[in-house]
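In what follows, a structure is listed as structure tokens, so that the remarks can point back to it.
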Amino acid sequence: MNKYELHLARLAAYAEIMMNGEMAEQFGAICSRLGADGTIEVLLITTRETHRWTIPKGWPIKGLKPNEVAEREAWEEAGVKGKAEKKPFGYYTYLKIFDSENATPSMVEVHLLRVQKLCAKFPERKERTTEWFSPLEAAKRVQEPELKGLLVRLMHFPIENVVAEMDRRKSCS
């Protein structure tokens with residue numbers, strides 16, 4: 001069984017919960033920019049515990065819209081400042097593991113985020129690794145099949161719909 005089949009097998013144990021709509025809700029950001037060669041780049045981060053590649057995501061925050069939560073998570077987890085689209089780009093499911101005995105299936109509403117600034121100092125900088133990839137390479141790095149599909153979709157979008165024009169030297173002070 002490969003790692004992608006293993007991901008689906010783990011979720012299968014929670015099929016009844018998922019069918020009843022009792023999944024946890026999270027909001028995430030696919031952070032994108034224009035690379036030096038004029039192609040789209042996507043930022044991935046590692047998880048704190050298992051160091052798997054993923055996108056910034058987090059739990060709902062009272063008073064914030066889903067796209068605003070995605071923006072906050074991108075800042076806290078990756079040092080990204082930018083504007084997330086209000087309309088979701090898509091969704092993916094995964095099993096959120098809290099400890100060896102507690103896990104819950106989660107549905108992540110994903111928003112495209114146009115990177116405007118990158119900050120060297122951000123809240124979780126000592127807990128995560130960040131790296132830029134092509135959408136195809138990013139899709140190869142993540143485990144969740146639906147997230148892979150969202151990343152691959154970026155390859156078929158016009159660049160102007162995915163990334164805003166930006167000065168690549170912009171950074172936070």
Side-chain angles (χ1 to χ4, degrees), residues 4 7-8 11 14 17-35 38-47 52-96 104-119 122-124 128 130-168 170 172:
Y4 312 115
H7 171 78
L8 295 174
L11 277 176
Y14 295 86
I17 292 170
M18 293 166 64
M19 296 303 285
N20 290 332
E22 298 172 12
M23 296 174 42
E25 181 180 45
Q26 291 188 294
F27 304 109
I30 292 180
C31 304
S32 62
R33 72 177 185 187
L34 194 59
T39 61
I40 297 166
E41 294 181 333
V42 175
L43 184 68
L44 293 183
I45 64 170
T46 56
T47 61
R52 290 179 301 101
W53 289 108
T54 191
I55 61 171
K57 64 184 168 304
W59 304 106
I61 299 172
K62 188 174 182 174
L64 293 183
K65 296 175 183 169
N67 63 304
E68 295 170 331
V69 173
E71 290 170 2
R72 181 177 287 185
E73 294 301 326
W75 156 246
E76 290 177 359
E77 297 180 357
V80 166
K81 295 282 188 173
K83 193 75 176 158
E85 297 290 326
K86 290 181 182 177
K87 183 179 175 187
F89 182 64
Y91 300 83
Y92 76 94
T93 53
Y94 80 107
L95 190 59
K96 173 68 178 171
T104 188
S106 296
M107 173 71 70
V108 182
E109 178 179 299
V110 178
H111 295 263
L112 290 180
L113 185 144
R114 296 175 178 169
V115 175
Q116 295 167 340
K117 292 183 182 180
L118 289 173
C119 305
F122 55 95
E124 297 181 17
R128 300 181 187 274
T130 61
E131 193 170 333
W132 291 96
F133 298 99
S134 70
L136 182 59
E137 185 59 33
K140 291 177 183 177
R141 303 278 177 131
V142 299
Q143 290 183 3
E144 300 82 2
E146 296 154 313
L147 180 54
K148 286 176 177 297
L150 293 176
L151 292 165
V152 168
R153 267 182 57 201
L154 287 178
M155 296 180 350
H156 307 291
F157 267 55
I159 288 179
E160 60 271 11
N161 290 356
V162 178
V163 292
E165 289 301 317
M166 64 173 272
D167 178 350
R168 291 179 49 87
K170 283 185 178 178
C172 298

Between Glu68 and Arg72 (salt bridge meaning N to carboxylate O under 4.0 Å), is one present in this structure?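 Looking at Glu68 and Arg72, the cut-off is not met.
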
Between Lys57 and Glu73, is there a salt bridge with N-O shorter than 4.0 Å?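 No.
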
Interatomic distance, [X] atom [atom1] to [Y] atom [atom2] [nearest 0.5 angstrom]:
{"X": "Gln143", "Y": "Tyr92", "atom1": "CD", "atom2": "OH", "answer": "11.0 Å"}
{"X": "Leu43", "Y": "Ile30", "atom1": "CG", "atom2": "CD1", "answer": "11.0 Å"}
{"X": "Met107", "Y": "Glu146", "atom1": "CE", "atom2": "CD", "answer": "6.5 Å"}
{"X": "Glu41", "Y": "Ser32", "atom1": "CD", "atom2": "OG", "answer": "10.0 Å"}
{"X": "Ile40", "Y": "Met155", "atom1": "CD1", "atom2": "CE", "answer": "9.5 Å"}
{"X": "Trp75", "Y": "Cys31", "atom1": "CH2", "atom2": "SG", "answer": "12.5 Å"}

One pair to check against side chain to side chain contact (heavy atoms under 4.5 Å, CB included): Leu113 and Val80. What are the steps and the verdict? CA-CA 9 Å; Leu113 185 144; Val80 166; 3.5 Å; yes

Arg52: partners by salt bridge (Lys or Arg N to Asp or Glu O under 4.0 Å), with sequence neighbours left out: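 Testing Arg52 for salt bridge (Lys or Arg N to Asp or Glu O under 4.0 Å), a comparison that skips the adjacent residues, returns Glu144.
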
Flag, side chain of [X] to backbone of [Y], donor-acceptor distance under 3.5 Å:
{"X": "Arg128", "Y": "Thr46", "answer": "yes"}
{"X": "Arg33", "Y": "Trp132", "answer": "no"}
{"X": "His111", "Y": "Ala29", "answer": "no"}

Taking only residues two or more places apart in sequence or in another chain, which ones pass side chain to side chain donor-acceptor pair (under 3.5 Å) with Thr130?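 Per chain and number, Thr130 pairs via side chain to side chain donor-acceptor pair (under 3.5 Å) with no residue.
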
Restricting to non-hydrogen atoms, name the atom on [X] and the atom on [Y] that form the minimum distance, rounded to 0.1 Å.
{"X": "Ile55", "Y": "Glu77", "result": "O-OE1, 4.3 Å"}
{"X": "Leu150", "Y": "Gly90", "result": "CD2-CA, 3.8 Å"}
{"X": "Lys148", "Y": "Ala139", "result": "NZ-O, 2.6 Å"}
{"X": "Leu154", "Y": "Leu112", "result": "CD2-CD2, 3.7 Å"}
{"X": "Leu95", "Y": "Pro105", "result": "CD1-N, 3.7 Å"}
{"X": "Lys81", "Y": "Cys119", "result": "CG-SG, 3.9 Å"}

Contacts of type ring pair (Phe, Tyr, Trp, His ring centres under 6.0 Å), residue Phe133, not counting sequence neighbours: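 Applying ring pair (Phe, Tyr, Trp, His ring centres under 6.0 Å) to Phe133 gives Trp53.
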
For the pair Thr93 and Val108, evaluate side chain to side chain contact (heavy atoms under 4.5 Å, CB included) and give the outcome as yes or no after the intermediate values. CA-CA 6 Å; Thr93 53; Val108 182; over 6 Å; no

